[in-house]
Asker: 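Take a look at the following structure, please.
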Amino acid sequence: MLRTKRCGDIDSNITGQTVILTGWLQRTRDLGGLLFLDLRDRYGLVQIVINPDSDRELADSARKISRESVIKIEGLVQPRPPEMINKEMKTGEVEIKPFKIEVLSHCAELPIPFEEIIDAGEELRLKYRYLELRRPGMQKMLEMRHRLAQSVRRFLDDNGFWEVETPFLMRSTPEGARDFLVPSRIYKGRFYALPQSPQTYKQLLMVSGIDRYFQIVKCFRDEDFRADRQPEFTQIDLEMSFIEEEDIFSLVERMMRKICQYLLNVELDIPFPRLTYQDAANQYGCDKPDIRFDLTISDVSDKFTNCGFGIFENALKAGGTVKALPAPELNFSRKQIDGINETARKFGLPGVVVSNWDGETWSNPIGKYIEKNIGAELGKLLLNDSKGAVLFAAGDKVITTSGLGQLRLWLAEEYKIPQKSGLHFLWVTDFPLFERDTEGNIASSHHPFTAPVESDTEMIDSDPLKVRSRAYDLILNGYEIASGSIRIHNRKLQERIFSRLGLSDTEAQEKFGFLLNAFDYGVPPHGGIAFGFDRILMLLSGKNSIREVIPFPKTTSGLSLMDNSPAPVDQKQLEELGISILKKKSK
RNA sequence: GGGGUCGUAGUUCAGUUUGGUUAGAACGCCUGCCUGUCACGCAGGAGGCCGCGAGUUCGAGUCUCGUCGACCCCGCCA
């Protein structure tokens with residue numbers, strides 16, 4: 001037998017018993033006349049004590065065992081002397097007096113230390129991820145990841161959802177992120193794609209009458225990576241029939257509440273606040289506002305008409321806008337203002353005018369151009385009559401607002417603007433259905449299956465950018481953690497959208513014919529949402545990268561440092577697939 | 001594709017600003033001492049292609065160019 005108990009389960013209830021324990025030798029403390037070993041498994045840590053006077057051979061052999069070797073110990077559970085009880089340890093009231101120690105597997109010198117207080121570089125941590133996963137913090141993460149998945153399953157099962165698997169090998173679709181392709185051996189020159197999400201399948205499941213579907217599922221997008229983006233990531237994907245926005249909101253709020261109860265023992269206030277996309281864009285300069293701090297952007301164009309200040313006047317005359325971002329209680333020095341401007345330029349603003357308000361007057365140049373009563377109005381509007389500073393920017397409406405939005409986040413970080421602690425959820429609704437892509441073409445801002453707001457459908461052809469969609473995002477502390485919509489369930493409308501997106505009837509039929517055809521056979525009104533599982537876990541565990549909550553993540557350049565993928569394959573494999581590799585163009 | 005930060009012992013970092021004897025520290029490792037430790041303590045020791053390749057120079061960890069890799073950001077991510 002390899003073990004009769006687990007290390008973490010040893011306690012004073014079993015003193016006097018003989019046990020067999022197996023685990024990793026975490027540490028040896030050799031006091032000369034007394035030898036302590038710490039034995040660890042997933043369940044905990046237990047102390048082994050050897051007295052060399054009475055157990056010479058055992059002590060000599062134990063001294064030779066390297067840390068992190070896997071060993072098997074047979075011994076007696078005995079109480080520690082009262083003054084030696086370690087209250088910090090779950091097993092701290094007892095220790096094991098061994099009769100026999102056996103090394104099952106020897107451990108070489110470790111490339112990363114087991115102790116988490118010694119920080120290891122991320123490159124090494126990824127290369128030796130299996131060692132890093134031994135560390136308590138990582139094990140805690142894995143446990144939390146497991147609990148998140150289980151609590152989602154339990155909640156959705158309780159609410160009548162069925163977990164249905166959808167294919168990983170599917171057809172490549174033209175819209176959206178770049179697909180990962182998988183070559184077909186049988187049909188040379190043809191490819192499967194890995195799903196960017198199970199979107200079309202879950203809609204087809206609604207056509208099948210499944211009514212409530214969910215899946216915790218991997219998705220794949222071949223785009224560049226960030227701290228919160230990996231090439232493969234996990235979604236909680238769900239879809240419901242015969243529902244409207246409010247049904248989704250309510251379900252999701254109850255689900256997040258359950259999750260936070262179960263994982264963090266935190267009671268969320270529901271319902272979550274809501275903001276339309278338009279308001280989010282105007283007040284926060286982005287579509288995923290971090291509402292943990294209040295600073296909001298205001299349009300102050302009307303305060304500066306004919307003010308004589310060239311930058312502002314010219315912007316207004318050109319049809320632009322003047323926007324203001326307050327920074328209450330701050331008072332910027334010349335040098336700090338230079339720093340703010342340098343950052344502003346990185347965010348696409350030509351510059352910002354920073355002015356301090358002392359309760360009565362604005363510092364120059366604003367003070368010079370603004371009349372006293374208007375100045376007072378501004379002080380009241382932007383700073384609620386208290387002292388502070390304001391960042392003004394003028395120019396194109398979108399560029400100005402989004403620049404100030406980025407500056408807002410930077411300012412909060414740089415100047416330690418006080419933040420509300422905890423989890424702050426926010427729904428953003430009424431996204432535009434379309435946006436212009438980099439080439440100036442009309443593209444879906446969510447995805448092409450999103451339903452337009454009914455009263456806006458007449459503008460699809462005449463004024464597409466004004467059409468609102470029935471899409472919604474869930475934001476948590478400034479991160480988009482879920483995104484969904486009510487879908488189109490009408491073939492005619494779906495075809496109209498495809499054609500507006502520049503897909504010919506032939507193309508639409510070829511790429512999405514299966515979905516369009518399905519719409520001929522009785523489609524329930526339906527909608528759904530998909531959560532970034534890794535992002536939720538990152539935020540609930542207070543990490544700042546999803547790599548910290550993914551068991552085996554890739555680097556920002558898409559490499560797996562542990563197994564060195566992607567890697568070349570044998571010529572024979574390529575031939576089987578009918579693939580030849582183009583020679584790299586020399587520069 | 002673009003911008004930035006970084007790469008020095010097994011590990012984490014200092015040293016690079018201003019080129020100049022033998023490249024340091026801590027942790028880990030090895031040896032010895034130590035009977036109540038629990039990040040044990042004390043003493044000693046080993047350990048370096050300064051990421052890689054060119055160049056400048058009498059001389060390069062240090063300066064220049066290239067290259068590889070990690071991280072952060074922009075583009076991209078329906």
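Chain letters run A, B, ... following the sequence lines, proteins first, then strands; residues in each count from 1.
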Asker: Please check if atom NZ in K543(A) has more than 12 non-hydrogen atoms from other residues, nucleotides or ligands closer than 6.0 Å.
Answerer: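 Count over threshold, so yes.
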
Asker: Only pairs with both distances under 3.5 Å count, Watson-Crick or wobble alike; so what is the partner of U56(B) in this structure?
Answerer: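 The answer is none; no pair meets the criterion.
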
Asker: Confirm from the modelled atom types if R80(A) and U37(B) form a donor-acceptor pair under 3.5 Å, side chain to base only.
Answerer: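 In this structure, the two groups form a donor-acceptor pair.
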
Asker: Under the side-chain hydrogen bond (donor to acceptor under 3.5 Å, both in side chains) test, which residues partner R129(A), sequence neighbours left out?
Answerer: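 Only E132(A) meet the side-chain hydrogen bond (donor to acceptor under 3.5 Å, both in side chains) criterion with R129(A).
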
Asker: Which nucleotide, if any, forms a Watson-Crick or G-U wobble pair with G7(B), using both distances under 3.5 Å?
Answerer: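 C68(B) - that is the nucleotide pairing with G7(B), both distances being under 3.5 Å.
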
Asker: Under a 3.5 Å limit for both distances, which nucleotide forms a Watson-Crick or G-U wobble pair with U62(B), could you say?
Answerer: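 No nucleotide pairs with U62(B).
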
Asker: Between A14(B) and G2(B), how far apart are the two C1' atoms, rounded to whole Å?
Answerer: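 Here A14(B) and G2(B) have their C1' atoms 33 Å from each other.
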
Asker: In whole angstrom, give me the gap between the P atoms of G69(B) and A60(B).
Answerer: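 Per the computed distance, 28 Å lies between those P atoms.
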
Asker: Atom CZ of F347(A) and atom P of C74(B): how far apart are they, to the nearest Å?
Answerer: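 Rounding to the nearest Å, CZ of F347(A) and P of C74(B) are 8 Å apart.
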
Asker: L110(A) CG to G28(B) P: how many Å, rounded?
Answerer: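 Rounded to whole Å, this separation is 12 Å.
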
Asker: Evaluate the side-chain proximity of S197(A) to H447(A): yes if any heavy-atom separation is below 4.5 Å, no if none is.
Answerer: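 Heavy-atom side-chain distance check fails, nothing below 4.5 Å.
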
Asker: How do M84(A) and S444(A) order along RNA chain B: which one's closest nucleotide is nearer the 5' end?
Answerer: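 Nearer the 5' end of the strand: M84(A).
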
Asker: Less than 4.5 Å apart, any side-chain heavy atom of R229(A) and any of R221(A)?
Answerer: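 R229(A) vs R221(A): side chains apart.
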
Asker: What ring-ring contact (aromatic ring centres under 6.0 Å, His included) pairs are there with at least one residue in residues 38-60 of chain A, not counting sequence neighbours?
Answerer: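 Residue pairs with at least one partner in residues 38-60 of chain A: there are none.
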
Asker: Is the closest side-chain heavy-atom distance between S66(A) and E109(A) below 4.5 Å?
Answerer: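 Sidechains of E109(A) and S66(A): no contact.
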
Asker: Roughly how many Å apart are A26(B) and A9(B), using the C1' atom of each and rounding to a whole number?
Answerer: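 The same atom, C1', in both gives a distance of 12 Å.
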
Asker: Side chains of F533(A) and I546(A), heavy atoms from C-beta outward: is any pair under 4.5 Å?
Answerer: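 They are not in contact (no side-chain heavy atoms under 4.5 Å apart), so the answer is no.
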
Asker: Among residues at least two apart in sequence or on other chains, which ones pass ring pair (Phe, Tyr, Trp, His ring centres under 6.0 Å) with F191(A)?
Answerer: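 Counting only residues at least two positions away or on another chain, F191(A) forms no ring pair (Phe, Tyr, Trp, His ring centres under 6.0 Å).
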
Asker: Considering Watson-Crick and G-U wobble pairs with both distances under 3.5 Å, what does C13(B) pair with?
Answerer: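 With both distances under 3.5 Å, C13(B) matches G24(B).
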
Asker: On a whole-Å scale, what distance lies between the P atoms belonging to C74(B) and A54(B)?
Answerer: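 Between the two P atoms, the distance is 38 Å.
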
Asker: What are the residues of residues 541-568 of chain A, sorted by number, that bring a heavy atom to within less than 4.0 Å of RNA chain B?
Answerer: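 Heavy-atom cutoff 4.0 Å gives R547(A), T555(A), T556(A), S557(A), L559(A).
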
Asker: With rounding to whole Å, what would you report as the distance between C63(B) and C71(B) at their C1' atoms?
Answerer: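 After rounding to an integer number of Å, I get 26 Å for this pair.
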
Asker: Restricting to side-chain hydrogen bond (donor to acceptor under 3.5 Å, both in side chains), what partner residues turn up for K466(A), sequence neighbours left out?
Answerer: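 Result, side-chain hydrogen bond (donor to acceptor under 3.5 Å, both in side chains) vs K466(A): D463(A).
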
Asker: Under a 3.5 Å cut-off for both distances, is U31(B) Watson-Crick or wobble paired, and to whom?
Answerer: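 For U31(B), the partner nucleotide comes out as A43(B), under the 3.5 Å rule.
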
Asker: Mind checking the P distance from C29(B) to U11(B)? Whole angstroms is fine.
Answerer: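 Pairwise P distance, C29(B) against U11(B), rounds to 14 Å.
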
Asker: Contacts to RNA chain B from residues 223-231 of chain A, heavy-atom cutoff under 4.0 Å, which residues?
Answerer: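 Nucleic-acid contacts, sorted: E223(A), D224(A), R226(A), A227(A), R229(A).
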
Asker: Kindly state each residue pair satisfying ring-ring contact (aromatic ring centres under 6.0 Å, His included) with at least one member in residues 468-513 of chain A, sequence neighbours excluded.
Answerer: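 Non-adjacent pairs meeting ring-ring contact (aromatic ring centres under 6.0 Å, His included): F249(A)-Y472(A), F449(A)-F512(A), F498(A)-F512(A).
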
Asker: Before accepting this row, confirm whether a basic side-chain N of the pair D228(A)/R535(A) lies closer than 4.0 Å to the acidic partner's carboxylate O.
Answerer: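 Between R535(A) and D228(A) there is a salt bridge, with a charged N closer than 4.0 Å to a carboxylate O.
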
Asker: Taking pairing as Watson-Crick or G-U wobble with both contacts under 3.5 Å, can you name the mate of G75(B), or confirm there isn't one?
Answerer: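 No nucleotide pairs with G75(B).
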
Asker: Can you tell me how far C1' in C76(B) sits from the matching atom in U18(B), rounded to whole Å?
Answerer: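 Their C1' atoms lie roughly 43 Å apart.
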
Asker: Can you check the D222(A) CG to G1(B) P distance for me, whole Å?
Answerer: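 Whole-Å distance recorded here is 13 Å.
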
Asker: Check ring pair (Phe, Tyr, Trp, His ring centres under 6.0 Å) between F168(A) and all other residues, then give those that pass, not counting sequence neighbours.
Answerer: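 Ring pair (Phe, Tyr, Trp, His ring centres under 6.0 Å) check on F168(A) returns F220(A).
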
Asker: Identify each atom pair where a protein N or O and an N or O of nucleotides 2-8 of chain B are less than 3.5 Å apart, giving names and distance.
Answerer:
none

Asker: For G15(B) versus C72(B), give the span between their P atoms, rounded off to a whole number of Å.
Answerer: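 Their P atoms lie roughly 24 Å apart.
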
Asker: Using a 4.0 Å heavy-atom cut-off across all strands, classify L45(A) as base, sugar-phosphate, or nothing.
Answerer: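 L45(A): no heavy atom of the nucleic acid under 4.0 Å.
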
Asker: Between the protein and nucleotides 39-47 of chain B, list the N/O to N/O atom pairs that are separated by less than 3.5 angstrom.
Answerer:
from: A39(B); atom 1: O3'; to: R27(A); atom 2: NH1; distance (Å): 3.4
from: C40(B); atom 1: OP1; to: R27(A); atom 2: NE; distance (Å): 3.2
from: C40(B); atom 1: OP1; to: R27(A); atom 2: NH1; distance (Å): 2.1
from: C40(B); atom 1: OP2; to: R27(A); atom 2: NE; distance (Å): 3.2
from: C40(B); atom 1: OP2; to: R29(A); atom 2: NH1; distance (Å): 3.1
from: C40(B); atom 1: N4; to: D30(A); atom 2: O; distance (Å): 2.4

Asker: Just jot down the side-chain hydrogen bond (donor to acceptor under 3.5 Å, both in side chains) partners of T400(A), sequence neighbours excluded, or say none.
Answerer: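 Listed in chain order: nothing, the list is empty.
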
Asker: When only distance counts, do a donor and an acceptor, one from the side chain of E123(A) and one from the base of G51(B), lie under 3.5 Å apart?
Answerer: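 No, no donor-acceptor pair under 3.5 Å.
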
Asker: What pairs of nitrogen or oxygen atoms, one from the protein and one from nucleotides 13-16 of chain B, lie under 3.5 Å apart?
Answerer:
none

Asker: Rounded to whole angstrom units, what separation is found between the CG atom of L124(A) and the P atom of C71(B)?
Answerer: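 After rounding, the gap between these two atoms is 12 Å.
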
Asker: Please name the nucleotide paired to G19(B) by Watson-Crick or G-U wobble geometry with both distances under 3.5 Å, or report none.
Answerer: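 No nucleotide pairs with G19(B).
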
Asker: Closest to the L126(A) side chain: G36(B), C71(B), U11(B)?
Answerer: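 Ranking G36(B), C71(B), U11(B) by closest atom to the L126(A) side chain puts C71(B) first.
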
